[in-house]
Amino acid sequence: MFYKPHKEGVKIIFGSTAMVALFLILIDQFVTIEWLRVTLMLVVLAFYILILQFFRNPKRETPINPNHIISSVDGKVVVIEEVEENEYFKDKRRMVSVFMSPLNVHVTRYPMSGEVVYSKYHPGKYLVAWHPKASEENERTTVVVENTQFGKVLYRQIAGALAKRIVNYAKEGDQAVQGEDAGFIKFGSRVDIYLPLSAKIKVTLGQKVKGGIDIIAEV
């Protein structure tokens, strides 16, 4: 199923459409071996479908609940642990990490409603997203949202080996709405959410989650 493409993919989809059309014409004109011609056309079309799928932006009906933290992205829960958060809180937090493959939806959504009190971009490396140091050394953006139920919750978009651009819409002073678009990460990565130690985690390692739908934690 195809969805309306995300605005971050419009230019890429337009360019890919032109490129795919050109390749199909060239293959049809110059490849005379039938099986090879068909194979090349199928490969080109498969590439095009992957591009369309990557930039899809399915509409999600988020059940807004101030007592819940929802997943910011689609993917698999790969880390649940107590860590020291050194950029903003400078104390111990409970971190939940969700890894996105290139086949997942790559829209980042606000995990809760509240005021954006911190938003910062950090240039960095492109280690594989599951690397232990990726959270502090890779290109990333850090956003902190505050509300009365959870206090301050930090989420971090992290680039991976393939992700070469992180888009962050959150600006300090903005009013975040749970489940609404907060950014986009191109071509695979992960998002870390840093929660108060008192938060009750509602996911398990290896669980697949949907952004804007599945509950990560609750008060």
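Just so it is clear, the values below take in all heavy atoms, side chains as well, and ignore hydrogens, waters and symmetry mates.
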Are any of the side-chain heavy atoms of I33 and R37 separated by less than 4.5 Å?
-> no

side-chain contact (heavy atoms from CB on, under 4.5 Å) evaluation trace for L154 with T142 = CA-CA 7 Å; L154 182 154; T142 302; 3.4 Å; yes

Answer yes or no: is there a donor N or O on one side and an acceptor on the other, between the side chain of S71 and the main chain of V73, under 3.5 Å?
-> yes

What's the spacing between D174 CG and E180 CD if we round to 0.5 Å?
-> 11.0 Å

Among the clusters formed by ILVMFWY side chains lying less than 4.5 Å apart, do V167 and V107 turn up in the same one?
-> yes

Side-chain contact test, heavy atoms from C-beta onward, threshold under 4.5 Å: evaluate it for E172 versus V117 and give yes or no.
-> no

Heavy-atom closest pair (P196 atom, V153 atom, distance to 0.1 Å) is CD-CG2, 4.3 Å

Got a sec: does the CZ of F23 have more than 12 other heavy atoms crowding it under 6.0 Å?
-> no

Straight-line distance of I69 CD1 to I193 CD1, nearest 0.5 Å = 7.0 Å

Test Y121 against E139 for side chain to side chain donor-acceptor pair (under 3.5 Å), laying out the working first.
-> CA-CA 8 Å; Y121 166 78; E139 179 183 357; 2.9 Å; yes

Taking it one step at a time, do R156 and Y194 satisfy side chain to side chain donor-acceptor pair (under 3.5 Å)?
-> CA-CA 8 Å; R156 181 171 289 141; Y194 292 81; 3.0 Å; yes

N/O donor-acceptor pair under 3.5 Å between D181 side chain and G183 backbone | no

V191 versus S72, closest heavy-atom pair with distance = CG1-CB, 4.2 Å

Any side-chain heavy-atom pair of L24 and D28 under 4.5 Å | no

Any side-chain heavy atom of N104 sitting closer than 4.5 Å to one from H106?
-> yes

Report yes if some heavy atom in the side chain of V78 is under 4.5 Å from a heavy atom in the side chain of V98; otherwise report no.
-> no

Give, for atom CD of E115 and atom OG1 of T148, the distance between the pair rounded to the nearest 0.5 Å.
-> 12.5 Å

pair P63-E61: side-chain heavy atoms closer than 4.5 Å | no

In short, F184 meets Q157 closest at the heavy-atom pair N-NE2, 3.6 Å

side-chain contact (heavy atoms from CB on, under 4.5 Å) between K120 and T141, intermediate numbers included | CA-CA 6 Å; K120 188 171 183 180; T141 63; over 6 Å; no

Enumerate donor-acceptor pairs with a distance under 3.5 Å from any side-chain N or O in residues 202-219 to protein atoms, sequence neighbours excluded.
from : atom 1 : to   : atom 2 : distance (Å)
Q207 : OE1    : T204 : N      : 3.1
D214 : OD2    : K210 : N      : 2.7

Is the Y110 ring parallel, tilted or perpendicular to the Y155 ring (thresholds 30°, 60°)?
-> perpendicular

Judged by modelled atom types alone, do S16 and Y48 share a side-chain donor-acceptor pair under 3.5 Å?
-> no

Enter the distance from Q178:CD to H68:NE2 here, rounded to the nearest 0.5 Å.
-> 8.5 Å

Same apolar cluster: F150 and I201, side chain cutoff 4.5 Å | yes

Smallest heavy-atom separation, R190 atom then I185 atom, equals O-CD1, 4.1 Å

Report yes if some heavy atom in the side chain of M95 is under 4.5 Å from a heavy atom in the side chain of V79; otherwise report no.
-> yes

Could you please spell out the steps behind the side-chain contact (heavy atoms from CB on, under 4.5 Å) verdict for E82 and L197?
-> CA-CA 8 Å; E82 187 176 307; L197 296 180; 3.7 Å; yes

Say you draw a straight line from CD of E84 to CZ of R93; how long is it, rounded to the nearest 0.5 Å?
-> 10.0 Å

With hydrophobic residues grouped by side-chain heavy-atom distances under 4.5 Å, do V31 and V38 end up in a single group?
-> no

Could you verify whether a donor N or O on one side chain and an acceptor N or O on the other, from Y118 and E146, lie under 3.5 Å apart?
-> no

Taking a hydrophobic cluster as the set of Ile, Leu, Val, Met, Phe, Trp and Tyr residues connected by side-chain heavy atoms closer than 4.5 Å, whether directly or through intermediates, do I25 and V44 fall within one such cluster?
-> no

Mind running side-chain contact (heavy atoms from CB on, under 4.5 Å) on M19 and F47 for me, showing each step along the way?
-> CA-CA 11 Å; M19 182 176 67; F47 166 79; 3.5 Å; yes

When rounded to the nearest 0.5 Å, the distance separating CZ of R140 from CD1 of I166 is 9.0 Å

Going by heavy atoms in the side chains, are R109 and R60 under 4.5 Å from each other?
-> yes

Which heavy atom in M112 sits nearest to a heavy atom in V145, and how many Å separate them?
-> CE-O, 2.8 Å

Note: N168 and S119 closest approach over all heavy atoms is ND2-OG, 2.9 Å

